[in-house]
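First comes the structure, then the notes that go with it.
What you see is a predicted model; the values in this text were computed from it and never measured. Proteins get letters first, then strands, A, B, ... in listed order; numbering begins at 1 in each.
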Amino acid sequence: MRRLWRWILVAFVWRAAREEEPGEERPPRIVPDGAPSPRAELVVVALLGLAALSAVAFIAVYAFDRIPDQTQYLGIALGCAFGFLAAALIVAAHHLVVTEELEEEYGRPHPGEADRVARVVTESGGRLRRRRLLAGAAGVATTAIGLAAIVPAASLGPIYNLGRFTRTPWRRGRRLVDQNGRPIRAAEIHPAELFTAYPEHADPEQLGAPVVLVKLEPDQLHLPPGRKGWAADGIVAYSKICTHAGCAIGLYRTPLFPPVDKPPGLVCPCHYSTFDPETGGTVVYGPAGRALPQLPLTIDGSGNLRAAGNFSGPVGPSWWGVRNRRVSS
Amino acid sequence: MIERTTRTLDERSHTAPFGFKALRYIFPDHWSFLLGEIALYCFIVLVATGTYLALFFDPSTAQTVYHGSYAPLNGAHMTEAYRSTVRLSLDVKAGLLIRQTHHWAADVFVAAIALHLMRIVFTGAFRKPRELTYYIGLTILGLALLEGYLGYSLVDDLLSGMGLAIGYGVALSIPLVGANLAALVWGGPFPGDPAFWSRMYIAHVFLLPILIATLIALHLFLVSSLHHTQFRGGRKTEKRLVGVPSFPGQAPRSLGLMFAVFAALFLLGGLVQINPIWIWGPYHVADSTNGAQPDWYLGWLIGALRLMPSFDVVIAGRTLVPNPFWGGALLPTAVFGGLFVWPALERRFTRDRHPHNLLDRPRDAPRRTAFATAVLTFLFIVFVAGSADRAYVLMGWSYATQIDVYRVGVFVVPVVSYWLAHRICVELLRNERVEASRHAAELEAEQAAGGG
Ligand code: FES
């Protein structure tokens, strides 16, 4: 037992002596010391605990199969987890980490180094005699190869063939159907209502397909010259695609008190271009720069609406050729 | 133990000097320097949540009929893209939280970049030697707008379809080549080839994020290599930088901010509904709805499209400039172009070619501040014009009257705000000079009294 004590004592003295050894001086601190703050440490521990609890709560909420407002609880739990973590870090930043203010010179440009870089480049070309010629040839080669690399991008779309921009599925005699493919009878179209119709047996998901139908009193109609007979029993049809930027016409403004109200208008909800169905789809308000293309209508023997031809012009937003090209079927 | 780790690492990488420099890198302290950091943390959330979404989203235009847990859509025709988004929102556990957080993060990302840009402009931080950093930042902002638009468009709900239609209209409106360009991008006339969806998808989840991440890295590299700018005061000079070291001083603050951003975004994602696409329904070419609003950062473009009066520029029967060009293509080009040439213009006008490490307070450069204020008010009015229909619904103000007012205001208010901002800056500076001279006089008087 005494021996043990002796050993312990010897070890202790040896350690103490070692710690005070003069040759082993610690280097000066880099980060300055500061006063401890046990309270803040406890706060940080508490906040970290809360963060952990919230994360566990997230897992627990997730584990439930289906509970009402699960998304909200998940969001609160995850938000709290990160929020408590953030709070812990901010408390630590303010109370547990020394605040130092360091100084430093801003860097400067290195003109000497930059010049040496330039010299390496120029001197590397020391053996070249026909510099111009070489640079030209390299330029030509790079351009050609660059072009060769870019050109296949033309496969992305019909870049030159713009025929599809003026093609629509409408032609003389094609029946108008509703979204379920059922033919539309002229008698179903009532005044002050907006109907959407599609060409029978054609893809409805193309700009040239959908038309709007409205029924007007015959004396209201003032269609442009050359469109005589384009209305069928007061029913007129226009492309449903706004000529401004391609949204679908969605609203039909009809006057409640015709003598005092604005005239009827087909309105696009995107930027509120408004087109007048009485005068051939001309723009009466909003940014659109072109009238809505009109589709000529007839009524066949069984009372169904049919197209009497194609649109008065290309449908959809304007582009370079939109006014000087005709539509085709 | 820590020493062992650092030594082991250094023996295998020889990077201890770099590590020391990184730990003691100096951050000048000012709240407005945190805006860029917020953007960075949003980007992290975007990548993380976006990856999760990509595990469920199917970017396909294949037509299907919906049969699922959301009864109102049962039997509706839609694309796989839309169906998979409805499913991941309503049937995948935590899916809606992640989707909404992703959307919120995108909105906050662009907002943080925009505020950061304002800070940079109003304090003259873009001046030599930091022009490259500034150009890269602007490019990131442009790409972020495009990235957001694509993300919103991919879903193929009714609103995103209308947004795409407008994008198509704007592409068509580019003089001469618009239709060729649109044909190339969409693979034909709207709604385009099914491959268009693959194109948007690869751009949204791969090309643009990689590009943005690379530019962020480059941006941060330049920031650290040139060091931060700082406001005048104390021992700070053009030559001497004063601030907190990245470790231990700055690290807990920055990490704290990061987790605070995460917390805010997930709380928003969980509690504040955004873009409930199952309510909008699927897009069809013939469908549209009233009161559609894009994400905030595209509001200025909608406003500009709405403010333009009705005309196409037609020459000899050819449509040279279709209407959407002005608001949809020219305005953003002009704004970004103007921001890109700003540093060069300012160098020319002020004949100031010196490097600057000290920031201006907005008042220190009255003309710059006034001009930036004028541009901001212009954009703000255009932005407000984009929500004129909402104001009509909420307030009952006539839409047409509002548009007329904005059409005038968009020219008048910026002029007024230029004058006002300039005036305020000059007055503040004059006050400071008066204060300073009074202070000096008092000191002198005190000294005289003390001496006598
Ligand atoms: S798309 Fe119809 S008004 Fe702009």
Exercise. By a 4.5 Å heavy-atom criterion (distance strictly below it), what part of A/F84 contacts chain B: side chain, backbone, both, or neither?
Worked result: neither

Problem set entry | Toward chain A, the part of B/S89 with a non-hydrogen atom under 4.5 Å | neither

Problem set entry | Proximity breakdown for A/A153 and chain B, heavy-atom pairs closer than 4.5 Å | backbone

Exercise. Can you say whether A/I76 sits under 4.5 Å from chain B via the side chain, the backbone, both, or neither, judging by heavy atoms?
Worked result: both

Problem set entry | Side chain, backbone, both or neither of B/F311 within contact of chain A (heavy atoms, under 4.5 Å) | backbone

Exercise. Side chain, backbone, both or neither: which part of B/Q273 has a non-hydrogen atom closer than 4.5 Å to chain A?
Worked result: neither

For this session: Verify whether the ring centers belonging to B/F27 and B/Y25 lie closer than 6.0 Å.
Result: yes

For this session: Measure the shortest side-chain to side-chain distance between A/Y106 and B/Q230 over non-hydrogen atoms and say whether it is less than 4.5 angstrom.
Result: yes

For this session: Under 4.5 Å, counting heavy-atom pairs only, tell me which of A/L89, A/N161, A/V97 racks up the most with chain B.
Result: A/L89

Problem set entry | chain A contact via B/L90 - side chain, backbone, both or neither, heavy atoms under 4.5 Å | backbone

Exercise. Side chain, backbone, both or neither: which part of B/N357 has a non-hydrogen atom closer than 4.5 Å to chain A?
Worked result: both

Problem set entry | A/T274 and its side chain to side chain contact (heavy atoms under 4.5 Å, CB included) partner, picked from A/V267, A/L266, A/V283, A/T282 | A/V267

Exercise. Side chain, backbone, both or neither: which part of A/T99 has an atom under 4.5 Å from a heavy atom of chain B?
Worked result: side chain

For this session: Answer yes or no: is there a side-chain heavy-atom contact under 4.5 Å between A/H244 and B/P324?
Result: yes

Exercise. With chain B, which of A/Q72, A/Q70, A/E104 has the greatest number of heavy-atom pairs at distances under 4.5 Å?
Worked result: A/E104

Exercise. Between A/E100 and B/R24, is the closest basic N to carboxylate O distance under 4.0 Å?
Worked result: yes

Problem set entry | Cationic N near anionic O, under 4.0 Å, B/R235 to A/E103 | yes

For this session: Between chain B and each of A/G208, A/A245, A/A248, A/P287, count heavy-atom pairs under 4.5 Å; write down the option with the most.
Result: A/P287

Exercise. Side chain, backbone, both or neither: which part of A/L207 has a heavy atom under 4.5 Å from chain B?
Worked result: both

Exercise. Which atoms of B/T101 come close to chain A, meaning under 4.5 Å heavy atom to heavy atom: side chain ones, backbone ones, both, or neither?
Worked result: neither

For this session: Could you look at B/Q250 and say if it's the side chain, the backbone, both or neither that has a heavy atom under 4.5 Å from chain A?
Result: neither

Problem set entry | Which atoms of A/Y285 approach chain B - backbone, side chain, both or neither, heavy atom under 4.5 Å | side chain

Seminar exercise, completed: Among B/G270, B/G328, B/A388, the residue with the most heavy-atom pairs under 4.5 Å to chain A is B/G270

Exercise. In terms of heavy-atom pairs under 4.5 Å with chain B, which of A/Y160, A/F165, A/Y198 leads?
Worked result: A/F165

Exercise. What part of A/L251 gets closer than 4.5 Å to chain B, counting heavy atoms only: side chain, backbone, both or neither?
Worked result: side chain

Seminar exercise, completed: In terms of heavy-atom pairs under 4.5 Å with chain A, the winner among B/V170, B/L226, B/D193, B/V314 is B/V314

Exercise. Which one of B/V285, B/L176, B/V261 has the most heavy-atom pairs closer than 4.5 Å to chain A?
Worked result: B/V285

Exercise. So which part of B/P248 gets closer than 4.5 Å to some heavy atom of chain A, the side chain, the backbone, both or neither?
Worked result: both

Problem set entry | Donor + acceptor pair across side chains of A/R290, A/S318 (<3.5 Å) | yes

Exercise. Are the aromatic rings of A/F275 and A/Y238 close, with centres under 6.0 Å apart?
Worked result: no

For this session: May I ask you to decide if the ring planes of B/F262 and B/Y41 are parallel, tilted or perpendicular, using 30° and 60° as cut-offs?
Result: perpendicular

Problem set entry | CD/A/Q179: more than 12 non-hydrogen atoms of other groups inside 6.0 Å | no

For this session: Compare all side-chain heavy atoms of B/T49 with those of B/W104 and state whether any distance is below 4.5 angstrom.
Result: no

Exercise. Given the options A/Q206, A/K240, A/R164, which has more heavy-atom pairs under 4.5 Å with chain B than any of the others?
Worked result: A/R164

Exercise. So which of B/L267, B/N323, B/L241 has the largest heavy-atom pair count under 4.5 angstrom toward chain A?
Worked result: B/L241

Exercise. A/D69 versus chain B, heavy atoms under 4.5 Å apart: side chain, backbone, both or neither?
Worked result: neither

For this session: Using non-hydrogen atoms and a 4.5 Å limit, figure out which bit of A/R108 sits close to chain B: side chain, backbone, both or neither.
Result: side chain

Exercise. Can we say B/D312 and A/R323 salt-bridge, meaning some charged N sits less than 4.0 Å from an Asp/Glu carboxylate O?
Worked result: yes

Exercise. Parallel, tilted or perpendicular for A/Y272 and B/Y399, by the 30°/60° rule?
Worked result: tilted

For this session: Measure distances from B/A195 to the heavy atoms of chain A and classify the residue's part below 4.5 Å as side chain, backbone, both or neither.
Result: neither

Exercise. For A/E205, is it the side chain, the backbone, both or neither that has a heavy atom under 4.5 Å from a heavy atom of chain B?
Worked result: both

Seminar exercise, completed: Cut-off 4.5 Å, heavy atoms of chain A, and the answer for B/V185 is neither

Problem set entry | Per-residue contact mode, A/A197 against chain B (heavy atom under 4.5 angstrom) | neither

Problem set entry | Which of B/A182, B/A400, B/G243, B/A260 touches chain A most, by non-hydrogen pairs under 4.5 Å | B/G243

Problem set entry | Beyond-backbone contact of B/I166 with A/C270, side-chain heavy atoms, under 4.5 angstrom | yes

For this session: For each of B/A165, B/A183, B/G169, tally heavy-atom pairs with chain A at distances under 4.5 Å, and name the one with the top tally.
Result: B/A183

Problem set entry | Per-residue contact mode, B/I98 against chain A (heavy atom under 4.5 angstrom) | neither

Problem set entry | Pairwise side-chain contact, A/L102 with B/V244, heavy-atom cut-off 4.5 Å (strictly under) | no

Exercise. Is any side-chain heavy atom of A/L74 closer than 4.5 Å to a side-chain heavy atom of A/T71?
Worked result: no

